[in-house]
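What follows is a set of notes on a single structure, which appears directly below.
Whatever order the structure lists ligands and atoms in, that order sets their numbers, starting from 1. Everything numeric in this text was worked out from a predicted model, so none of it was measured. Atom set for the values below is all heavy atoms of this structure, side chains included, hydrogens, waters and symmetry mates excluded.
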Amino acid sequence: MGNPKILICDDEEGIRESLKLVLGDHYNLIAVDSGDMALEVLSHSKDIKLMLLDIKMPKTNGLNTLKEIKKKFSQLKIIMVTGYKSVETAAEATRLGACGYIVKPFKSEEILETVKKNLES
Ligand SMILES: [Mg+2]
């Protein structure tokens, strides 16, 4: 048994790096910069337990990526990461199957706690 595997999907390298710094000691991480890459990784790695998904990305945005991923990997837990607080977007993400929501700039403890809580539930 290794650490649980988590997929990080964010178009900004800085965000991917901060998430890696926060989660790297506790989880086995894979980071990608687009929804297409996320789908590609998910189709090859069956043991990914949870995904952190950016909402604002240039090609396919996070909500559309969420929709696509949930169609194929309905059991995967997905936590959205966003740069601005929007009740509508949060509600839409929840409706599409996201299990949580983190607003940037985030605190390390907040991410660790949200990820841990969702992996346990
Ligand atoms: Mg982004």
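- Only one option out of Asp36, Thr65, Asn64 pairs with Lys59 in a side-chain hydrogen bond (donor to acceptor under 3.5 Å, both in side chains); it is Asp36.
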Run the side-chain donor-acceptor check on residues 105-116: report pairs under 3.5 Å with partners two or more places apart or on a different chain.
{"residue": "Glu110", "atom": "OE1", "partner": "Lys107", "partner atom": "N", "Å": "3.4"}
{"residue": "Thr114", "atom": "OG1", "partner": "Glu110", "partner atom": "O", "Å": "2.7"}

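- Evaluation of the salt bridge (charged side-chain N to carboxylate O under 4.0 Å, His left out) test over residues 69-83, restricted to residues two or more places apart or in two chains, returns Glu68-Lys71.
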Going by atom type alone, with no hydrogens or angles, which donor-acceptor pairs under 3.5 Å involve a side-chain atom of residues 46-56 and a protein atom two or more places apart or on another chain?
{"residue": "Lys46", "atom": "NZ", "partner": "Ser43", "partner atom": "O", "Å": "3.3"}
{"residue": "Asp47", "atom": "OD1", "partner": "Lys5", "partner atom": "NZ", "Å": "3.2"}
{"residue": "Asp47", "atom": "OD2", "partner": "Lys5", "partner atom": "NZ", "Å": "3.4"}
{"residue": "Asp54", "atom": "OD1", "partner": "Lys56", "partner atom": "N", "Å": "3.4"}
{"residue": "Asp54", "atom": "OD1", "partner": "Lys104", "partner atom": "NZ", "Å": "3.2"}

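- Under the 4.5 Å side-chain heavy-atom criterion for grouping Ile, Leu, Val, Met, Phe, Trp and Tyr, Leu63 is not connected to Ile8 through any hydrophobic cluster.
- Listed by chain and residue number, the protein N/O/S atoms under 2.8 Å of the Mg ion (ligand 1) are Asp11 OD1, Asp54 OD2, Lys56 O, with waters left out.
- If you chain together hydrophobic residues whose side chains sit under 4.5 Å apart, Ile30 and Ile6 never meet in one group.
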